[in-house]
Amino acid sequence: MALDGKVALVTGGSRGIGAAVALRLAEDGADVAFTYQHNAELAAGIVDRVKQLGRRALAIQADSADSAAVTAAVDATVAEFGGLDILVNNAGVGFVGAFDETPLDDVDRVLAVNVRGVFVATQAAARELRDGGRVITIGSCVSDRVPGPGMALYATSKAATIGLTKALARELGGRRITVNLVHPGPTDTDMNPADGPYAADQSGMTALGRYGEPAEVAATVAFLASAESAYVTGATLSVDGGHAA
Ligand code: NDP
């Protein structure tokens with residue numbers, strides 16, 4: 001299988017896109033560690049499903065806003081599985097609200113998870129990644145097209161991952177480590193349910209007229225994790241149903 005013998009760490013892997021990524025990487029042969037914030041029960045369920053696929057699994061409670069916890073999660077992965085080949089920066093928080101009323105506490109909270117957390121996880125992982133490794137970050141379609149007002153904070157946080165991805169591609173290319181970004185469009189998860197109050201508008205903004213499934217985002221992550229993508233780095237791949245078309 002494409003990822004036999006590889007070790008992956010997925011941040012925010014207990015639900016939604018992160019859980020789909022964890023399961024897909026395991027299906028493709030990787031041992032998988034993942035972080036979560038609150039829901040230990042859901043995390044244990046994903047551990048069981050990875051093990052049923054015949055792979056090793058490790059769930060780690062680590063708030064992405066807590067740099068010590070994020071670094072410890074990287075260390076725990078290496079200690080458990082003997083190395084690290086793939087980091088998927090998936091954990092993220094949403095925010096919708098009027099720009100002029102956005103509390104600065106929320107600015108700090110969202111940037112701490114969506115930007116600083118990605119920076120810290122990648123910094124810790126880069127020390128451990130084997131040559132030819134992979135860094136894959138989950139951005140957002142709002143970096144390409146902001147669909148309406150209320151998105152200033154979230155769009156700011158996700159746009160930061162574009163610069164980080166390109167800079168790190170330059171930083172890590174000498175070790176054949178590729179660094180890429182995936183921009184999901186509206187994807188059916190707890191964060192953005194396909195039956196939520198804004199769902200019809202979001203579907204209408206895609207070329208395909210529908211929400212994506214977490215597994216559809218995971219399929220592109222799996223490609224970027226595989227050897228087949230070895231010459232793809234510093235790139236952004238949209239899995240957005242044509243939201244940006
Ligand atoms: P969900 O809210 O459905 O799931 C979030 C996952 O991340 C959970 O496993 C949760 O753990 C974990 N998590 C949340 N906050 C933290 C934190 N501070 N530290 C560690 N883990 C955390 O989100 P999605 O699956 O929808 O989103 C995944 C990524 O995709 C995010 O980066 C999001 O911004 C991005 N995205 C999503 C889109 C969508 O339409 N769904 C569109 C574009 C981008 P726990 O269960 O313990 O809370």
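For ligands, and for the atoms within them, numbers begin at 1 and follow the listed sequence. The structure displayed is predicted, hence computed values, not measured ones. For the numbers below, each heavy atom of this structure counts, side chains included, while hydrogens, waters and symmetry mates do not.
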Between ligand 1 and the protein, find all N/O pairs closer than 3.5 Å and give the distance for each.
residue  : atom   : partner : partner atom : Å
ligand 1 : 3 (O)  : M191    : N            : 3.4
ligand 1 : 9 (O)  : G12     : O            : 3.4
ligand 1 : 9 (O)  : S14     : N            : 3.2
ligand 1 : 9 (O)  : S14     : OG           : 2.7
ligand 1 : 9 (O)  : R15     : N            : 3.2
ligand 1 : 11 (O) : S14     : OG           : 3.2
ligand 1 : 15 (N) : Q37     : OE1          : 3.3
ligand 1 : 18 (N) : D63     : OD1          : 2.9
ligand 1 : 19 (N) : S64     : N            : 2.8
ligand 1 : 19 (N) : S64     : OG           : 3.4
ligand 1 : 25 (O) : I17     : N            : 2.8
ligand 1 : 26 (O) : T189    : OG1          : 2.5
ligand 1 : 32 (O) : N90     : O            : 2.7
ligand 1 : 32 (O) : K158    : NZ           : 2.9
ligand 1 : 34 (O) : Y154    : OH           : 2.6
ligand 1 : 34 (O) : K158    : NZ           : 3.2
ligand 1 : 40 (O) : T187    : N            : 2.9
ligand 1 : 40 (O) : T187    : O            : 3.4
ligand 1 : 40 (O) : N192    : ND2          : 3.0
ligand 1 : 41 (N) : T187    : O            : 3.1
ligand 1 : 41 (N) : T189    : OG1          : 3.2
ligand 1 : 46 (O) : S14     : OG           : 2.9
ligand 1 : 46 (O) : R15     : NE           : 2.7
ligand 1 : 46 (O) : R15     : NH2          : 3.4
ligand 1 : 47 (O) : Q37     : N            : 2.9
ligand 1 : 47 (O) : H38     : N            : 2.6
ligand 1 : 47 (O) : N39     : N            : 2.9
ligand 1 : 48 (O) : R15     : NH2          : 2.9

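The residue from V32, L9, V7 that alone fulfils the side chain to side chain contact (heavy atoms under 4.5 Å, CB included) condition with F81 is V7. Across T220, T161, T236, D144, a single residue satisfies side-chain hydrogen bond (donor to acceptor under 3.5 Å, both in side chains) together with H183, and that is D144.
Residues forming a salt bridge (charged side-chain N to carboxylate O under 4.0 Å, His left out) with R56 (at least two apart in sequence, or on another chain): D31.
Residue L42 is found outside any hydrophobic cluster, as its side-chain heavy atoms come under 4.5 Å of no other Ile, Leu, Val, Met, Phe, Trp or Tyr. In the hydrophobic clustering, V70 connects to V120, either directly or through intervening members, whenever side-chain heavy atoms lie under 4.5 Å apart.
In the model, Y154 has no side-chain atom that pairs as donor or acceptor with a side-chain atom of N114 under 3.5 Å.
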